[in-house]
Amino acid sequence: MVENIPSLEEMIQSATELFRKTYKVEPSVIVQAPGRVNLIGEHIDYNDGFVLPMALPLRTVLVGKPICGFEASMVSMASEADSGTHPYNFNISKEALQVSEPKWANYVKGVLANYKGGSFPAFQVAIVNSVPIGGGLSSSASLEVATYLFLDAISGEKIKVSKVEKALACQKAEHDFAGMPCGIMDQFISLLAEDSNALLIDCRDMTYFSVPFDDPNIVILITNSNVKHSLSGSEYPTRRRQCQEAATLLGKRSLRECTIEDVKKLSALGASEEHIKRARHGVSEIIRTEQAAKLFAERRYEEVGKLMVESHNSLRDDYDVSCPELNQLVELAMKVEGVMGARMTGGGFGGCTVTMVKAFAVDKVIEMIKTNYHLNPKFFICKPSQGASIIKAII
Ligand code: GLA
């Protein structure tokens, strides 16, 4: 009933086979970087807020080797990757790194352009991915982070930088080469996640706290709605701008500095109804996430679940980033006894929901959704997984 998640070993094997078939040599480097699901704290990383994601056993695996010259070559197995399985070649010199087709290659080029570890050689690489592309589980961040670590491996990381700085470099890659002004959450969790832990990230000062999550009686069920509305790209920058405008109107640096009382003052300051709603989501979500992390650490999952539902309602009503399909998935899940909470996760306008459910009730949730939601939903059961790593580097 749930999707089979390929093991790391299986992915390494597929990537190695693809590499051998394409380049007729053995790879010398293997890296992996996970996607993520955000448990709570949505659309507040760019408001200096708190987020509580965990890394998934869904990931990008990259195998390859350094080569001479200035031309890199990549091949990707993702069926959505628009160049199919033909290798895509490009010049790695800084001046030559430009945004172009195929789109997926821009994430790699963006990381090359923003790499902080010093000079690196050209390379051949094969990419295999188990994070559903465009499903709101950070397939792009996992490709960026895997690319960064691959460059570390083939360059010997001449200049050592912290994981947080690596996350910032990958975020900038996405801003500059994918035109997506994302926050820091996705790249951060992909690099810094720990096995069996969710991570509370304070996006204001980039500090982070592990929140143990290894209760065998509690399951995180991810449901892919299998829809992606075209608004997802255009609305994100608008939301980000509206939040900043609301904070500025209140004389604050970001929504993190604002209180619910401040939000009430916005009307008198001439803010639009839309700005007030956006600010109310941002401020209330920051409060909810901080509370949820404390409750989580105390294993008070029922209370966390209530906050997840409040988060969803706020994203639906105040932030306007949900959609009928996500709302239906949440409503269906919440009908089942044993479900503690459910919400949309990620940017919204399609993608996935995350449901926290007692282990005995998982099958019932899946059944409920399959019977009533007709867009071919996909289910993943995920445990908090380890962050990105270099698995092999023989140069
Ligand atoms: C996308 C962005 C993140 C974050 C989420 C919403 O995934 O990449 O930075 O803003 O949306 O929480």
Side-chain angles (χ1 to χ4, degrees), residues 33-56 58 60 106-107 110-111 131-145 164 167-193 198-204 206 208 222 224-225 228-229 231-244 254-256 278 281-286 288-289 292 307-308 311-312 314-316 318-323 326 343-354:
R36 62 97 189 96
V37 68
N38 190 18
L39 298 171
I40 192 164
E42 215 65 84
H43 283 279
I44 49 170
D45 53 353
Y46 52 79
N47 287 313
D48 282 353
F50 292 102
V51 293
L52 187 64
M54 63 179 223
L56 299 175
L58 299 165
T60 297
N106 291 325
Y107 296 107
V111 173
V131 192
I133 292 185
L137 301 177
S138 290
S139 52
S140 46
S142 73
L143 176 56
E144 290 151 10
V145 169
V164 173
L168 287 165
C170 292
Q171 179 196 25
K172 185 149 189 309
E174 185 142 349
H175 286 195
D176 297 352
F177 277 72
M180 161 70 173
C182 60
I184 191 65
M185 168 169 69
D186 305 346
Q187 294 80 5
F188 199 110
I189 184 70
S190 186
L191 273 153
L192 286 121
L199 200 67
L200 178 70
I201 308 170
D202 182 339
C203 301
R204 180 165 59 184
M206 304 288 161
Y208 52 97
I222 296 171
N224 192 342
S225 68
K228 183 157 178 64
H229 295 290
L231 282 174
S232 56
S234 56
E235 291 296 297
Y236 190 96
T238 310
R239 295 294 180 285
R240 197 175 169 154
R241 179 176 46 74
Q242 287 170 329
C243 288
Q244 193 51 55
S254 69
L255 290 183
R256 173 70 178 278
R278 307 305 185 235
H281 168 72
V283 173
S284 63
E285 185 78 352
I286 292 172
R288 275 191 290 275
T289 306
L307 292 171
M308 288 172 75
S311 164
H312 180 80
S314 174
L315 288 157
R316 181 192 61 199
D318 276 346
Y319 219 58
D320 287 321
V321 292
S322 190
C323 60
L326 292 173
R343 55 183 289 278
M344 55 154 275
T345 184
F349 301 105
C352 294
T353 58
V354 55

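Both ligands and their constituent atoms are indexed starting at 1 by order of listing.
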Show the atoms of ligand 1 that are less than 4.0 angstrom away from any heavy atom in Gly347. 11 (O)
With a 6.0 Å cut-off (strictly less than), is the heavy-atom count around OH of Tyr208, excluding the residue itself, greater than 12? no
If you measure from each non-hydrogen atom of Arg36 to ligand 1, which part falls under 4.0 Å: side chain, backbone, both or neither? side chain
Passing candidate, side chain to side chain donor-acceptor pair (under 3.5 Å) with Gln187, options Gln171, Glu144, Lys172, Arg36: Glu144
Got the closest protein heavy atom to atom 10 (O) of ligand 1, with its distance? Tyr236 OH, 2.6 Å
Who's the nearest protein heavy-atom neighbour of atom 5 (C) of ligand 1, and how far? Met185 CE, 3.9 Å
Of Arg343, His281, His43, Glu285, which is the lone residue that meets side chain to side chain donor-acceptor pair (under 3.5 Å) with Ser314? His281
Looking only at side chains, do Arg288 and Ser311 share a donor and an acceptor under 3.5 Å apart? no
Can you list the atoms of ligand 1 that are under 4.0 Å from a heavy atom of Tyr46? 10 (O)
Minimum-distance protein heavy atom relative to atom 8 (O) of ligand 1: Asp186 OD2, 2.7 Å
Do the side chains of Arg278 and Asp320 get close enough for a salt bridge, i.e. N-O under 4.0 angstrom? yes
Val51 and Cys203: which non-hydrogen atoms are nearest, and at how many Å? CG2-SG, 3.9 Å
Sub-4.0 Å atoms of ligand 1 with respect to non-hydrogen atoms of Glu42: 6 (C), 12 (O)
Where ligand 1 meets Gly183 - atom numbers and elements under 4.0 angstrom, heavy-atom basis: 9 (O)
Which residue supplies the protein heavy atom nearest to atom 9 (O) of ligand 1, what is that atom called, and how far is it? Asp45 OD2, 2.5 Å
If the cut-off is 4.0 Å to any non-hydrogen atom of Cys182, which atoms of ligand 1 fall inside it? 2 (C), 8 (O), 9 (O)
Hey, which of Val354, Ile189, Leu200 is the one that makes side-chain contact (heavy atoms from CB on, under 4.5 Å) with Pro53? Ile189
